[in-house]
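This is a predicted model, so every value here is computed, not measured. By convention in this document, chain letters (A, B, ...) are assigned in the order of the sequence lines, proteins followed by strands, and residues within each chain are numbered from 1.
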Amino acid sequence: MTNDALVTIARNHSNIIRFCLCIIKPQNPVTLEPLDTGFGAIIQHCKELWQLSLSDLLTDRVFEYIRVHAKKLEMLSLAFPGDNHLDLHYLLSGVRASASWRLETAPLAMTVRSLWMPDCSVTLKIIEQLSKKICLAMAMSKISLRKCNGILSISFFHISYSSSSSSSSSYSRSCKVKGRVVLNFEKLKCLDDAVTLFHQMVTMKPLPSVVDFSKLFNNMIKMKHYSAVLSLFRQMQKLGIPISDFILSSMINSYCLMHRADFGFSVLPIYLKNGIPFNNVTFTTLIRGIFAENKVKDAAELFKKLVREKICDPDEIMYATVMNGLSKRGHTQKTLSLLRLMEQGNTEPNIYIYSIVIDALCKDGNLDAAINILNEMKQKDIPPNIVTYNSIIDGLCKLGQWEKVKTLFSEMVNLNMYPDVRTFNILTDGLCKEGKVEDAEEVMKHMVEKGVEPNVITYNVIMDGYCLCGQLDRARGIFDILIDKGIEPDIFSYNILTDGLCKEGKVEDAEEVMKHMVEKGVEPNVITYNVIMDGYCLCGQLDRARRIFDILIDNGIEPDIFSYNILINGYCKKKKLTKAMQLFREVSHKGLKPDIVTYNTILQGLFEVGRIGVAKQLFVEMVSTGPVPNLSIYHTLLDGYFKYGLVEEAMSLFNKLEKNKENIDIESYNIIINGLCKNGELDKAHTIFQKLSSMGLLLDVRIYTTMITGFCLQGLLDEAKDMLRKMEENGCFPNNVTYNVIVRGYLRCRKINEMVTLMKEMTGRGFSFDTTTAKLLVKEISENPSILDMIPELHTEKKK
DNA sequence: TTAGGGTTAG
């Protein structure tokens, strides 16, 4: 691949790739300084894009953070043993803090966690040192910063310290084979080990091979010390140690795993400078990184460019990466097209490719298509494996097609392929979601008999099953079994339990669980907080919900759209629309997008308090910049319009929907009929009601009840009663609401005899008066006590 | 003999 070609991609592409141009000078790329130039450009980029200056760094908020996070910073102090040993490096590590600054402690400090001593004077010293270091580091131009939507991320890490200061580690006992040191990377336990080994390696004579360095880096990546890998690589560059394509792709991968694919591109000029050709791994890694940031369009564009301009010849892995990236983000059709493209080209689809396509189709519930692909691959002599079967079984379970699940199970076993822990987990999950938790427990017994050990997911699934059907004690029991078995509960286990507790209104208990998980070293995530917030909102304790939201932010966790939806809903239910709107605006400022639920919640809230103008404005805004309105949104609008007597507006919207052949359902008609009745348009309502059956819609108890309510409202009790009889003839049985509505109708018209007749009928069917009816009855009796004598049942009740 | 790929749990 030529430099020109790369530059062409960069020029014609998105910001990320165009950013490459800062680094790759088309005229003479070889004269470029490698990474430093890259960093210089990145710093420039940060300054220009995020308008950051030194004074931004040393604000009160830093000190506030330091106060709150003194514990972490104290550890950090130990990472400042003296001058020259340390280098502060701010990196865009993906550590974010909203409303507060977050300092990621030095990995070195992590290793001295046990030495932590809380003491204010120490903290002050750190602040002093810290500010010096920050200036120093700035001066050294080794800082990169990120400020986006008011969020600043800083990550510290330790990039060089003397090897002599380190304690001897197990891996240092390396042996020599034919004069060359054999390094044991298996024994690396922590970052400290890795960094020490690196420093030993660079002083060895002869120098370890590039393969050894590569192994070291990959071990560090496995330990998730991405920024440290990049830092050591910089050291390597400075020392002039030879590098390879393997090392460079690991650097790109480190950036990508930090969710900074854009910086991944900054590695490309190092290839150029060292005369190392790009290969498929280079681009596959980048594509995967771009997908990881959900930039589907960018990733797909890059892939298309690479293919179209013959920059590389994609292999199965590159195809798999692109297809997986697309399919996991809902682009099943595009994934399928790529399969067909592969079939026409030189690269034969393999089992991985087919599994991706099959899984995507299954996730869409398109099991027929999935099974067709399964048969296609069988015909091509590519035997499906356990993964393929697991995907299909999962799809079938989710559709409740248990017979087909059985068929597939026996098909697998006939092929000598035995269900694994995932297969059983899929099965237990399917059963639990259908409420058959006892059957799921049977499956668990069965798997043990078959020698497949349940894992934390098995237990989580069953716990969730019991929570879903309100059997919280049983869920707790499963949790205890999990502990007894020596399986570590994970974040899901705790979240399921907190969710179960919150749904039962035991939010304080849920908070206890949260405390407990922290003690056990499992950090609550955004879902934990969301669940508890929702719990408090559900029981009307909005202040407590808000408190949880603030704690979430203080702990440096990014609220997601669910967090906002929960809180906005809480405020709307309490009719605090100003607060709700504030939060709604905050969503966009935080770089999140309001979703359909956000809009629906806030629209409902606005209509509830009568702020119709704002609601209309918001709908206009939604149509132009938000998600495509769905039926729920239209229902909210229709309901809102009718509520405030805006019949014409409601009907014109409704006619538009009908004309556009939107999927209007029985619920839509229910809203229309109810709205018309409440606005004195009974005839219009009845006309619409009458045409429903001929439209092929199945009338349900709700719509009959709405129509009956309409008749009662006008005092047309005979019509109401006729409707009651008619619905039964049509096989739709009245429920408690239906009877109560009609009873109230009779009561209002003082038709007590008729009411009593109906009352007998309803009690005979196991129904009873609801509170509204009971209140009305009391009111009527107080105004006209003679009613009492006409209700024999009530009379005897009273005597008792 | 060191780099990039597929399945589960809110």
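- If you check every strand for non-hydrogen atoms under 4.0 Å, A/Asn350 touches a base.
- One N or O donor and one acceptor, one from the side chain of A/Ser214 and one from the base of B/dT2, sit under 3.5 Å apart.
- Between B/dA9, B/dA3, B/dG4, one nucleotide has an atom nearer to the side chain of A/Thr284 than all others, and that is B/dG4.
- Using a 4.0 Å cut-off between charged side-chain N and carboxylate O, A/Arg340 and A/Glu376 make a salt bridge.
- For A/Asn390, taking side-chain heavy atoms from C-beta onward, the closest of the listed nucleotides B/dA9, B/dT8, B/dT7 is B/dT7.
- At the phosphate of B/dG6, OP1 or OP2 sits under 4.0 Å from a side-chain N or O atom of A/Asn324.
- Taking 3.5 Å as the limit, the base of B/dG4 and the side chain of A/Thr285 contain no donor-acceptor pair of atoms between them.
- Between A/Glu411 and A/Lys378 a salt bridge is recorded (basic side-chain N to carboxylate O distance below 4.0 Å).
- One atom, CG of A/Asp394, and another, P of B/dT8, lie 7 Å apart when rounded to the nearest Å.
- No more than 12 heavy-atom neighbours from other residues, nucleotides or ligands sit within 6.0 angstrom of NZ on A/Lys593.
- In this entry the distance linking CG of A/Leu468 with P of B/dA9 reads 13 Å, nearest Å.
- Counting to the nearest Å, the P atom of B/dG5 and the CG atom of A/Leu338 are 18 Å from each other.
- Near DNA chain B, defined here as any heavy-atom distance below 4.0 Å, there are no residues from residues 374-383 of chain A.
- In this structure, the nucleotide among B/dA9, B/dT7, B/dA3 sitting nearest to the side chain of A/Asn218 is B/dA3.
- Among B/dA9, B/dG6, B/dA3, the nucleotide with an atom closest to any side-chain atom of A/Asn279 is B/dA3.
- For a distance-only test at 3.5 Å, the side chain of A/Asn385 qualifies as a donor-acceptor partner of the base of B/dG6.
- Residue A/Tyr352 and nucleotide B/dG5 are not classified as a stacked aromatic pair, given the requirement of ring centres less than 5.5 Å apart at an interplanar angle below 30°.
- Counting any heavy atom pair closer than 4.0 Å across all strands shown, A/Asp359 reaches sugar-phosphate atoms only and no base atom.
- With sequence neighbours excluded, the residues forming a ring-ring contact (aromatic ring centres under 6.0 Å, His included) with A/Tyr271 are A/Phe278, listed by chain and number.
- Between A/Arg288 and A/Glu293, no side-chain nitrogen of the basic residue sits less than 4.0 Å from a carboxylate oxygen of the acidic one, so the salt-bridge criterion is not met.
- Nucleic acid contact for A/Ile457: base, since at least one base atom lies under 4.0 Å from a heavy atom of the residue.
- Regarding A/Ile290, its CD1 atom lies at a distance of 15 Å from the P atom of B/dG5, rounded to whole Å.
- For an aromatic pair to be called close, the ring centres must be under 6.0 Å apart, and A/Tyr319 with A/Phe303 satisfies this.
- Closest contact between the side chain of A/Asn253 and the listed nucleotides B/dT7, B/dG4, B/dT2 involves B/dG4.
- Backbone-only engagement by A/Lys328 is indicated by non-hydrogen atom pairs under 4.0 Å involving sugar-phosphate atoms exclusively.
- In this structure, the separation between SG on A/Cys539 and CG on A/Asp534 is 10.0 Å, given to the nearest 0.5 Å.
- The side chain of A/Val281 approaches B/dA3 more closely than any other nucleotide in the set B/dT8, B/dA3, B/dG5.
- Atom CD1 of A/Ile426 is separated from atom P of B/dA9 by 8 Å (rounded to the nearest Å).
- Among pairs with a residue in residues 456-482 of chain A, those fulfilling ring pair (Phe, Tyr, Trp, His ring centres under 6.0 Å) read A/Phe479-A/Tyr494, at least two apart in sequence or across chains.
- For a distance-only test at 3.5 Å, the side chain of A/Asn495 fails to qualify as a donor-acceptor partner of the base of B/dA9.
- The CD1 atom of A/Ile287 sits 15 Å away from the C1' atom of B/dA3 (whole-angstrom rounding).
- Under 3.5 Å, the side chain of A/Ser250 and the base of B/dA3 form no donor-acceptor pair of N or O atoms.
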